[in-house]
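These notes concern the structure reproduced below.
Order of listing sets the numbers, starting from 1, for every ligand and every atom in it.
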Amino acid sequence: MDLPAVTVPTIAIEGSTDRFPVRRIYCVGQNYAAHAREMGANPDRQAPFFFSKPADAVVPGGGVLPFPPRTNDLHHEVELVLALGAGGSDVGVDDAGRLIFGCAVGVDLTRRDLQAEAKAAGRPWDMAKGFDRSAPIGALARGQPPASAAISLSVNGAARQAGKLSDMIWSPAEIIAALSSYVTLAPGDLIFTGTPSGVGRLLPGDNIEASIEGLPPLSFRLA
Ligand code: MN
């Protein structure tokens with residue numbers, strides 16, 4: 001048997017033919033107070049917590065996705081995604097912006113039924129969060145994230161999620177600083193920064209449109 005050929009996933013960069021190579025995908029949990037409350041948590045008392053998805057969970061540019069298996073409660077979570085062009089560990093908040101190459105709109109697709117089972121049993125979230133094609137992402141815009149832009153998601157034209165990036169409990173710089181105390185960050189890392197309230201169920205055939213003011217939009221359809 002030949003050695004397997006493994007390719008690095010990449011995402012588009014606005015206004016460029018270059019593509020951004022993805023090394024790792026980190027995600028922040030419950031970073032908007034109203035979403036933390038809708039998940040039954042107290043947003044006032046917790047430091048940021050993290051989970052991850054495999055790099056090849058990205059779906060660059062959206063398109064048509066097969067409906068994921070093993071779930072009866074697939075949820076959408078629209079999020080600002082940071083793309084790192086530099087790395088480091090124990091990065092200070094004041095220094096964190098220097099790591100950011102650009103940002104994009106992403107959707108943290110979640111098998112909520114599997115997540116609820118995992119939470120109840122004290123088991124890992126991987127199969128709830130890190131499944132195939134669980135990270136649709138739009139084109140990257142170079143530069144720092146907009147500070148107070150609107151973030152929203154609609155399904156079949158109906159608004160589901162709407163918020164402001166300024167509603168994040170932990171800012172992009174604080175997220176990078178905190179995450180870099182656990183792991184060494186590196187160029188190619190993506191960080192999903194959490195979702196505003198209004199998460200909900202997706203069904204086969206749904207058309208999803210996700211947007212953040214000032215960034216290239218993302219749309220995809222579930223087959
Ligand atoms: Mn999320």
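Legend: residues meeting ring-ring contact (aromatic ring centres under 6.0 Å, His included) with Phe51, ordered by chain and number and at least two apart, are Trp125.
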Identify all side-chain donor-acceptor contacts of residues 56-72 below 3.5 Å with residues at least two apart in sequence or on another chain.
residue: Thr71; atom: OG1; partner: Asp73; partner atom: N; Å: 3.0
residue: Thr71; atom: OG1; partner: Asp113; partner atom: OD1; Å: 2.7
residue: Thr71; atom: OG1; partner: Asp113; partner atom: OD2; Å: 3.3

Donor-acceptor list for residues 149-157 side chains, cut-off 3.5 Å, not counting sequence neighbours:
residue: Ser152; atom: OG; partner: Ser211; partner atom: OG; Å: 3.1
residue: Asn156; atom: OD1; partner: Asn207; partner atom: N; Å: 2.8
residue: Asn156; atom: ND2; partner: Asp206; partner atom: OD1; Å: 2.8

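Proximity of a side-chain donor or acceptor of Asp189 to a complementary backbone N or O of Ala186 within less than 3.5 Å is detected. A distance-only check finds no donor-acceptor pair linking the side chain of Lys53 to the backbone of Cys27 [under 3.5 Å].
Contact annotation: the side chain of Leu179 never approaches that of Ile176 to less than 4.5 Å [non-hydrogen atoms, C-beta and beyond].
Within the sub-2.8 Å shell of the Mn ion (ligand 1), the protein contributes these N/O/S atoms: Glu77 OE1, Glu79 OE2, Asp108 OD2.
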